[in-house]
Amino acid sequence: METIFQLIAIIAITVGTFFSIVGVLGMVRLPDVYARLHATGKVGVFGVVLLLVAAVVWTPLGWARALLLIALLMVAGPVVAHALSSAAYRIGIPMKRPVRNDLEQK
Amino acid sequence: MKDVLQIVLYSSLFIHLLLTAVAVWRVWRGENVVDRLVGVELVTTLVLAMLVLVSLIEQDSIYIDVALALAALGFIGTIALAKYVADEKLF
């Protein structure tokens with residue numbers, strides 16, 4: 001039983017770290033603020049939540065708090081991304097190569 | 001199997017440290033204010049990930065409480081800053 005938990009923890013940590021790397025890479029490489037918000041959302045939700053899945057499985061007596069943190073991150077991630085992108089749009093930060101701008105056609 | 005887990009934990013912690021350095025450099029170089037805000041949010045999330053990793057390494061679940069507090073406060077702080085940036089006033 002012990003090795004199964006360790007195996008789950010190892011897989012969750014490696015995949016979570018992979019998502020963190022992809023998120024930060026996207027944060028550095030993408031052209032404008034809106035695309036960067038798209039990248040940082042991944043780190044916050046996928047990276048940390050998978051690490052918390054490992055924490056649920058492996059840390060003693062910590063599984064309830066880890067589930068609570070998973071729920072908080074699942075709610076907080078998109079809300080922060082929406083708040084930042086609406087703030088960016090409202091102060092007029094231009095989009096590089098916009099395909100479609102729904103807000104303008106109003 | 002246990003030492004494989006230790007190796008994975010410490011390498012993941014080191015990778016997250018490098019990612020935090022990249023994110024801090026990104027905040028320093030950000031073109032506009034929302035860029036820097038996004039960078040700060042990313043740094044908060046990476047520190048959160050490192051806290052969870054430390055709680056896995058130390059086998060002590062007190063660090064998850066610290067991560068919980070950081071997540072809640074970071075979330076509220078970023079929302080308040082975004083509102084201040086958008087409306088030039090907070091209340």
Side-chain angles (χ1 to χ4, degrees), chain A residues 2-3 5-7 9-11 13-14 16-18 20-21 23-25 27-28 32-34 36-37 39-41 43-45 47-52 54-56 58-66 68-69 72-73 75-77 79-91 93, chain B residues 1-2 4-5 7-9 11-13 15-16 18-20 22-23 25-26 29-35 37-39 41-42 44-46 48-53 55-65 67-68 70-72 74-76 78-88:
Chain A
E2 201 63 33
T3 54
F5 284 158
Q6 285 174 357
L7 201 63
I10 288 172
I11 293 168
I13 289 167
T14 41
T17 316
F18 168 72
S20 296
I21 294 169
V24 173
L25 200 63
M27 166 81 182
V28 171
D32 62 356
V33 179
Y34 307 98
R36 269 187 221 114
L37 268 171
T40 49
V43 173
V45 174
V48 183
V49 162
L50 281 169
L51 290 180
L52 280 164
V56 164
W58 184 239
T59 49
L61 290 176
W63 59 274
R65 278 170 275 198
L68 184 65
L69 191 48
L72 174 66
L73 283 174
V75 169
V79 169
V80 165
H82 279 291
L84 286 173
S85 55
S86 73
Y89 189 79
R90 205 174 296 180
I91 61 175
I93 292 175
Chain B
M1 186 55 93
K2 186 126 179 58
V4 175
L5 183 60
I7 292 167
V8 168
L9 278 173
S11 57
S12 173
L13 190 65
I15 289 170
H16 276 96
L18 294 182
L19 295 181
T20 313
V22 169
W25 169 75
R26 184 66 221 169
R29 202 187 70 96
E31 293 102 36
N32 44 47
V33 61
V34 183
D35 236 344
L37 208 51
V38 168
E41 173 66 20
L42 181 62
T44 310
T45 315
L46 285 168
L48 198 74
M50 280 195 275
L51 272 172
V52 173
L53 280 168
S55 84
L56 276 163
I57 290 171
E58 298 291 331
Q59 285 299 99
D60 185 359
S61 68
I62 193 68
Y63 294 101
I64 295 185
D65 298 342
L68 199 66
L70 175 63
F75 165 61
I76 300 290
T78 310
I79 296 280
L81 275 171
K83 182 169 185 338
Y84 177 71
V85 162
D87 301 345
E88 295 306 324

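Throughout, protein chains are lettered first and strands after them, A, B, ... in sequence-line order, and every chain is numbered starting at 1.
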Taking all heavy atoms of [X] and all of [Y], pick out the closest pair and write down the distance.
X: His16(B); Y: Ser20(A); value: NE2-OG, 3.1 Å
X: Ile91(A); Y: Ala86(B); value: CG2-CA, 4.1 Å
X: Ser61(B); Y: Leu61(A); value: OG-O, 4.0 Å
X: Ala82(B); Y: Ala87(A); value: O-CB, 3.5 Å
X: Ala55(A); Y: Ile64(B); value: CB-CD1, 4.0 Å
X: Val28(A); Y: Arg26(B); value: O-NH1, 4.0 Å

Does any backbone or side-chain atom of [X] lie under 4.5 Å from a heavy atom of chain B? Answer side chain, backbone, both or neither.
X: Leu69(A); value: both
X: Leu73(A); value: side chain
X: Leu84(A); value: both
X: Leu72(A); value: side chain
X: Val79(A); value: both

If you count heavy-atom pairs under 4.5 Å with chain A, which of [options] comes out on top?
options: Asp65(B), Leu48(B), Leu53(B); value: Asp65(B)
options: Ile62(B), Val8(B), Ile7(B), Leu68(B); value: Leu68(B)
options: Asp60(B), Leu51(B), Leu42(B); value: Leu42(B)

Name of the residue among Ile15(B), Thr45(B), Val22(B) meeting side-chain contact (heavy atoms from CB on, under 4.5 Å) with Val24(A): Val22(B)

Euclidean distance, Leu52(A) CG relative to Ser55(B) OG, rounded to 0.5 Å: 8.0 Å

Point-to-point distance, once rounded to the nearest 0.5 Å, from NE2 of His82(A) to CD1 of Ile79(B): 10.5 Å

Which atoms of [X] approach chain A - backbone, side chain, both or neither, heavy atom under 4.5 Å:
X: Leu18(B); result: neither
X: Val52(B); result: side chain
X: Lys2(B); result: both
X: Val38(B); result: both
X: Glu41(B); result: side chain
X: Leu46(B); result: side chain
X: Glu58(B); result: neither

Any Leu56(B) side-chain heavy atom under 4.5 Å of Thr59(A) side chain: yes

Arg90(A) side chain near Val85(B) side chain, heavy-atom distance below 4.5 Å: no

Among [options], residue most engaged with chain B (heavy-atom pairs, under 4.5 Å):
options: Val48(A), Ile10(A), Leu7(A); answer: Ile10(A)
options: Leu25(A), Ile13(A), Leu37(A); answer: Ile13(A)
options: Ala83(A), Pro60(A), Gly16(A), Gly23(A); answer: Pro60(A)
options: Val80(A), Val33(A), Thr14(A); answer: Val80(A)

Over 12 foreign heavy atoms within 6.0 Å of OH, Tyr89(A): yes

